[in-house]
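See structure below.
Reckoned from all heavy atoms, side chains included, excluding hydrogens, waters and symmetry mates. The structure displayed is predicted, hence computed values, not measured ones.
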Amino acid sequence: MTTAPASPDPTMEAIGQAVTEGRTGDIASARDKLLSLWSAIGVTGDPLHRCSLAHYLADLYEDPAQALAWDVRALDAADAVTEQRVQEHHESLHIAGFYPSLHLNLADNYRRLGSFEAATKHINAAKATVPSLPQDPYGDLIRGAIQEVAEAIAGQDRTQRASAPGSAA
């Protein structure tokens, strides 16, 4: 999966730069940059841009309610992304591969908020989409997190997972 994107996309590049900034510790700046990009994209902008941005922005919030709002936006946008659009961005991507992580994040946020019925619905959706994950370290990471969140839901555990995105924030 080291092939280059099909064509340059300045918005995706800007999202990637902000994500990198957030992962290196400057969460406030990364969040501000992504929020600014969100304003520029708009709620009717390119669904791939909206999905990617909202998915990564959710990880920059420790508060599960704030993260949930962005994860819902990411899932809604994913439902509007076409396979062709994803392939235009990067030939190795498939929209089906987005869903395990999107549902995982929703399940985890609902779980942390104590909404175990909604969490169960999304963890089951994540499990159902696991076959679309690649057999690589990323796929292994998501499969492991799905199992971890499923166990936390079963135990009605609302604590933040140490392995959750943004948990070091």
Side-chain angles (χ1 to χ4, degrees), residues 1 12 15-35 37-38 43 47-81 86 92-169:
M1 297 218 325
M12 291 300 281
I15 292 168
Q17 290 169 355
V19 169
T20 299
E21 192 172 319
R23 289 181 178 162
T24 60
D26 198 347
I27 292 168
S29 177
R31 188 182 302 139
D32 289 344
K33 287 178 181 174
L34 289 174
L35 289 170
L37 278 170
W38 181 264
V43 296
L48 179 62
H49 293 162
R50 290 185 293 122
C51 178
S52 300
L53 187 151
H55 179 66
Y56 289 119
L57 186 55
D59 291 346
L60 299 177
Y61 289 96
E62 286 188 46
D63 176 2
Q66 289 179 302
L68 177 64
W70 288 104
D71 283 327
V72 167
R73 289 178 181 114
L75 181 63
D76 286 346
D79 289 341
V81 177
V86 172
S92 70
L93 294 178
H94 299 282
I95 190 59
F98 289 32
Y99 285 96
S101 180
L102 294 170
H103 283 291
L104 165 65
N105 290 354
L106 285 163
D108 201 28
N109 287 322
Y110 280 122
R111 174 193 67 81
R112 288 190 58 216
L113 292 167
S115 183
F116 295 107
E117 184 177 332
T120 299
K121 174 185 167 195
H122 283 284
I123 206 65
N124 288 340
K127 289 176 182 178
T129 60
V130 160
S132 65
L133 285 172
Q135 294 298 323
D136 65 7
Y138 171 76
D140 294 343
L141 175 76
I142 299 301
R143 281 186 284 277
I146 289 170
Q147 181 61 37
E148 188 179 348
V149 171
E151 290 170 5
I153 291 167
Q156 295 197 350
D157 180 356
R158 295 177 57 180
T159 59
Q160 183 171 4
R161 297 178 300 117
S163 64
S167 61

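- Considering all non-hydrogen atoms of both residues, Val86 and His94 come closest at CG1-N, 3.8 Å.
- Considering only heavy atoms from C-beta on, Tyr61 comes within 4.5 Å of Arg31 through its side chain.
- Closest of all the heavy-atom pairs between His55 and Asp71 is O-OD1, 4.3 Å.
- With values rounded to the nearest 0.5 angstrom, Leu60 atom CG is found 9.0 Å from Arg23 atom CZ.
- Between Lys33 atom NZ and Ile15 atom CD1 the span is 13.5 Å, to the nearest 0.5 Å.
- Lys127 and Ile146 make their closest contact through CG-CG2, 3.7 Å (heavy atoms, listed as atom of the first residue, atom of the second, distance).
- Rounded to the nearest 0.5 angstrom, Leu68 CG and Asp63 CG are separated by 9.5 Å.
- For the pair Leu133 and Gly97, the tightest heavy-atom approach, listed with the atom from each and the gap, is CD2-O, 4.3 Å.
- A donor-acceptor distance shorter than 3.5 angstrom exists from the side chain of Asn109 to the backbone of Asn105, with no hydrogens or angles considered.
- Of the inter-residue distances, the one linking Leu37 atom CG with Ser52 atom OG reads 11.5 Å to the nearest 0.5 angstrom.
- For the pair Thr24 (side chain) and Glu21 (backbone), a donor-acceptor distance under 3.5 Å is present.
- Within 6.0 Å of the OH atom in Tyr56, the count of heavy atoms belonging to other residues, nucleotides or ligands does not exceed 12.
- No donor-acceptor pair under 3.5 Å is formed between the side chain of Arg112 and the backbone N or O of Ala65.
- Taking all atoms of both residues into account, the shortest heavy-atom contact from Cys51 to Ala77 is N-CB, 3.5 Å.
- Ring geometry for Trp38 versus Trp70: interplanar angle over 60°, hence perpendicular rather than tilted (30 to 60°).
- Applying the side-chain contact (heavy atoms from CB on, under 4.5 Å) test to Ala69 and every residue at least two apart in sequence or in another chain returns Arg73.
- Remark: side-chain polar atoms of Tyr99 are paired, donor with acceptor, to backbone N or O of Ala78 under 3.5 angstrom.
- The minimum heavy-atom distance between Gln160 and Arg111, with the atom names listed, is CA-NH2, 4.3 Å.
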